[in-house]
Amino acid sequence: MKDIASSPIHVVGGGLAGSEAAWQIAQAGIPVILHEMRGVRGTDAHKTDGLAELVCSNSFRSDDATSNAVGVIHAEMRLAGSLIMACADRYQVPAGGALAVDRDGFSQAVTSAIDGHPLITVLREEIQGLPPNDWDLAIVATGPLTSPSLAAAIQAETGEDSLAFFDAIAPIVYRDSIDMDICWYQSRYDKVGPGGTGKDYINCPMDEAQYNAFIDALVAGDTVGFKEWEGTPYFDGCLPIEVMAERGRETLRHGPMKPMGLTNAHNPTVKPYAVVQLRQDNALGTLYNMVGFQTKLKYGTQAEIFRMIPGLEKAEFARLGGLHRNTYINSPMLLDGTLTLKSRPGLRFAGQITGCEGYVESAAIGLLAGRFAAAERKGIVLAPPPATTALGSLLGHITGGHLVSDDEPGKRSFQPMNINFGLFPELEPGAITKPEGIKRFRGKDKAIMKKQLMAARALRDCAGWLEAARSVGQPASSAALLSADAM
Ligand SMILES: Cc1cc2nc3c(=O)[nH]c(=O)nc-3n(C[C@H](O)[C@H](O)[C@H](O)COP(=O)(O)OP(=O)(O)OC[C@H]3O[C@@H](n4cnc5c(N)ncnc54)[C@H](O)[C@@H]3O)c2cc1C
């Protein structure tokens with residue numbers, strides 16, 4: 001009889017999702033072979049050979065588990081013994097209410113934890129086609145920049161066109177090239193957050209004339225021509241700054257350049273008309289990224305226009321912004337509720353290629369794919385996380401919750417999605433009640449209470465799901481699973 005317990009599960013792609021999936025499988029006691037092509041073949045966005053490299057921002061976004069859906073998914077992943085969250089927590093840098101990380105320290109920690117795990121073997125190779133038949137259980141987690149030959153093989157298997165949209169990355173500036181006689185440190189509304197100080201961002205103020213000149217330059221700026229992708233849609237959460245400027249003169253002032261909650265320390269009585277914020281990008285504090293400034297402007301144009309920003313006149317850039325392709329499959333049509341390709345039992349997809357969006361979400365789907373695959377290897381049925389949890393609601397969206405709209409039928413209708421409370425089921429009727437002693441219970445207060453109740457329900461239900469999973473042989477909670485030595 002086949003010794004199923006010792007047959008490895010293959011994971012293709014050692015990014016956020018693949019690393020997490022491999023970790024979850026190995027923690028369930030099953031051997032894993034992780035195939036990662038960097039080392040022999042790069043991508044347009046990755047710069048290193050490290051596992052779980054963050055290709056753009058260094059932020060895992062809000063860490064508020066009481067009333068923010070991203071913070072809730074962080075908390076659920078921590079409960080499930082997530083490697084990605086353990087390494088992020090360990091390499092956190094100050095960022096107000098957000099969880100931002102030292103990108104190199106983070107990636108190195110993931111790499112050494114994976115390399116050091118006795119049940120994980122890492123092979124540096126490109127997998128050019130779909131997993132061969134003798135890999136009875138496999139997870140494809142090759143991300144938005146899946147290598148072309150594998151993308152073509154996926155397309156041939158699914159019969160569906162892979163989707164593509166533009167994704168743009170923001171520039172990174174050397175801290176010592178920023179003029180602090182003009183700029184000042186402050187988090188918006190002085191928010192301290194779990195890991196910050198209230199002074200985590202560098203702010204560059206603009207008056208009205210400077211703002212208008214900046215918008216004119218952005219709109220007139222030379223962009224990189226991407227004929228190949230004409231007609232592919234932008235993802236609204238990651239619009240290039242010049243596209244936002246084209247949508248209206250005021251768009252940026254109400255978006256990434258909004259001046260609210262900020263007071264110019266050098267000139268407190270004059271309210272800036274607009275503010276550019278930069279967020280710490282590495283533990284040393286030598287690099288800062290321009291928040292929300294993803295762009296497809298040509299390199300020379302970027303440097304010229306961004307040096308118009310007060311305080312950045314002499315800015316030196318560690319990395320300029322860029323534009324990349326994003327590939328994802330039509331998951332609601334193609335995958336079942338455990339992320340398995342309906343046409344090929346045993347083959348799962350995970351990460352951004354499934355149509356979730358973001359580092360955290362990609363890792364979360366990797367976590368689920370790893371747990372489902374491990375359960376299948378052990379011959380046990382693992383129920384999906386309840387829809388009331390952040391993990392369950394994201395999984396539900398990808399594997400079926402999405403409705404095809406009449407306006408945009410077909411594959412274009414399924415758009416990448418960040419975790420948000422809109423994906424969670426409504427609360428029970430009557431759950432939101434006026435707290436005792438409060439005279440007026442306004443709409444805003446109700447909205448806050450709704451989020452708090454949804455967050456608490458999610459964490460409670462996630463803990464219950466993990467407990468049930470443990471009873472069928474899956475490890476549940478614990479940062480303790482990650483030995484400090486492995487990092
Ligand atoms: C340019 C760009 C910028 C982004 N910026 C952000 C951001 O700022 N914040 C955010 O939250 N999200 C961002 N994203 C979205 C997304 O969160 C990241 O792409 C995230 O890394 C996705 O995780 P993943 O594990 O699915 O893919 P990845 O992390 O990309 O991992 C996939 C891995 O598979 C490997 N691989 C690919 N093909 C093969 C093959 N055939 N054989 C073997 N290995 C292969 C790759 O080398 C890579 O290591 C960005 C995406 C892109 C493309």
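As the structure lists them, so they are numbered: ligands from 1, and atoms in each ligand from 1.
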Going by the atom numbers of ligand 1, which of them fall below 4.0 Å from some non-hydrogen atom of Pro144?
19 (O), 27 (O), 30 (O), 53 (C)

Examine Ile353 against ligand 1 and note whether any of their N/O atoms are separated by less than 3.5 Å.
no

Which residue from Thr146, Ile127, Ile84 reaches closest to atom 42 (N) of ligand 1 through any of its heavy atoms?
Ile127

Taking NZ, NE, NH1 and NH2 as the nitrogens, is one of them in Asp136 or Arg377 under 4.0 Å from a carboxylate oxygen of the other?
yes

Should you measure from each heavy atom of Thr43, which atoms of ligand 1 turn up under 4.0 Å away?
47 (O)

Closest heavy-atom pair, Tyr185 versus Ile202, reported as atoms and distance to 0.1 Å, is CE2-CG1, 3.4 Å

Min over His46, Met37, Gln128, Glu361 of heavy-atom distance to atom 30 (O) of ligand 1 lands on His46

Got a sec, which pairs hit salt bridge (charged side-chain N to carboxylate O under 4.0 Å, His left out) with one end in residues 56-75, sequence neighbours left out?
Arg61-Glu361, Asp63-Arg78

Is ligand 1 under 4.0 Å from a heavy atom in the side chain of Thr142, in the backbone, in both, or in neither?
both

Nitrogen or oxygen atoms of Glu53 and ligand 1 under 3.5 Å apart:
no

Any donor-acceptor N/O pair, Gln186 side chain to Asn203 backbone, under 3.5 Å
no

Answer yes if the side chains of Arg38 and Thr43 hold a donor-acceptor pair under 3.5 Å, and no otherwise.
no

Is it the case that ligand 1 has an N or O less than 3.5 angstrom from some N or O of Ala17?
yes

Between Phe106 and Phe60, is the ring centre distance below 6.0 Å?
yes

N or O contact, Gly18 vs ligand 1, cut-off under 3.5 Å
no

Between Glu20 and Ser82: side-chain donor-acceptor atoms closer than 3.5 Å:
yes

Salt bridge (charged side-chain N to carboxylate O under 4.0 Å, His left out) pairs, two or more places apart, involving residues 94-114
Arg103-Asp281

Could you list which atoms of ligand 1 come closer than 4.0 Å to a heavy atom of Gly351?
26 (O)

Relative to the ring of His35, is the ring of Trp135 parallel (under 30°), tilted (30 to 60°) or perpendicular (over 60°)?
parallel

Ligand-side contact atoms (ligand 1) for residue partner Leu150, heavy atom cut-off under 4.0 Å
41 (N)

Tightest non-hydrogen contact, residues Thr295 and Leu297, listed as OG1-N, 2.9 Å

State, without any angle test, whether Thr340 and Glu376 hold a side-chain donor-acceptor pair at a distance under 3.5 Å.
no

Between ligand 1 and Gln352, is the shortest N or O to N or O distance under 3.5 Å?
yes

Sub-4.0 Å atoms of ligand 1 with respect to non-hydrogen atoms of Ala141:
32 (C), 33 (C), 34 (O)

Should you measure from each heavy atom of Leu16, which atoms of ligand 1 turn up under 4.0 Å away?
21 (O), 23 (O), 25 (O), 29 (O)

Using heavy-atom distances only, which candidate in Ser362, Pro148, Ser57 approaches atom 8 (O) of ligand 1 most closely?
Ser57

Has ligand 1 got any nitrogen or oxygen that is less than 3.5 angstrom from a nitrogen or oxygen of Ser59?
no

Per-atom filter on ligand 1: closer than 4.0 angstrom to a heavy atom of His35 are 43 (C), 44 (N)

